[in-house]
Amino acid sequence: MNPVALITGGSRGIGRGIALELAKTGCDLVVNFVANAPAARLTAQDSILQAKERGHEIRAEICQADISLAAHRLELMDFTRRQFGRLDVLVNNAGVAPESRVDILDSTEKSFDRLMAVNVKGPYFLTQLASRWMIEQGQAGIRHARCHPKIISISSLSAYTASIQRGDYCMSKAAVSMLTILFASRLAEHGINVYEIRPGVIATDMTAAVKAKYDELIAEGLTPIQRWGTPEDVGKAVAALARDCLPFSTGEVLNVDGGFHLRRL
């Protein structure tokens, strides 16, 4: 029996990169999406092919759900139960950016509420549901031999880097960092490790509009590793955690940012 991983926002971008890398480790997958079913199906199909190339036989199912809505979060959990009967890894990846970049003096409550609902409330309460299920599994003796239960949240360098043109996004990602600390503290006694991954400048649809800006900044030395990050880079970090490569760590932050977090003179 394969371990089961649920990836929110898994149809494209970083979520797709995570799905493909987890598939290579032999995880069955639930690929969550909000609107783009064709992209989700393609990610599921490609994940199965990636697994086969590594000698694994996996299942990959897709499930439409908006994690900002309570009923959808419950359906996502119920879908995973119906399809696989277990959950070993939750990856809180789904997130949205502001619809427009505006000075914090001009930002709106509408934008703030949207970002907080998707980027904070969604993963907070989905993690709550997943945690309860993982605790139940542990009490019933349901533990996978090669994948202990864990929760991995994808935040951003914006969790600690001020960007006054998208303050609501920065605040939402800072909240994800605290989510990690809180659940790591609460779940350690149950053998459930919790991690945060902070991507840097990653080439996705979300960053396509600012490509020229970051091309220039990277060339000027924004990051010690002078290239854009890729969804695959983030996926490899998630896969390492899923394989229990950090069993004596919880609440840990992995920077996947080309060294952006380093302070240099």
Without swapping roles, check the side chain of Asp233 against the backbone of Thr230 for a donor-acceptor pair under 3.5 Å.
yes
Tell me which pairs pass ring-ring contact (aromatic ring centres under 6.0 Å, His included) where either residue lies in residues 109-137, with sequence neighbours left out.
Tyr124-Phe183
Decide, yes or no, whether a salt bridge links [X] with [Y] under the criterion of side-chain N to carboxylate O below 4.0 Å.
X      : Y      : result
Lys150 : Glu196 : no
Glu53  : Lys24  : no
Glu61  : Arg82  : no
Arg12  : Asp205 : yes

Name all residues meeting the salt bridge (Lys or Arg N to Asp or Glu O under 4.0 Å) criterion together with [X]; count only those two or more places apart in sequence or in a different chain, and write none if there are none.
X      : answer
Arg264 : none
Asp78  : none
Glu232 : Lys236

Using the side-chain hydrogen bond (donor to acceptor under 3.5 Å, both in side chains) criterion, which residues pair with Arg73? Sequence neighbours excluded.
none
Please determine, by modelled atom types, if Asp168 and Ser107 share a side-chain donor-acceptor pair under 3.5 angstrom.
no
With no hydrogens and no angle check, just 3.5 Å: does a side-chain donor-acceptor pair link Ser158 and Arg198?
no
Can I get a per-line list of side-chain donor-acceptor pairs under 3.5 Å for residues 210-222, giving both atom names and the distance, sequence neighbours left out?
unit_1: Lys211; atom_1: NZ; unit_2: Asp215; atom_2: OD2; d: 2.7
unit_1: Asp215; atom_1: OD1; unit_2: Trp228; atom_2: NE1; d: 2.6

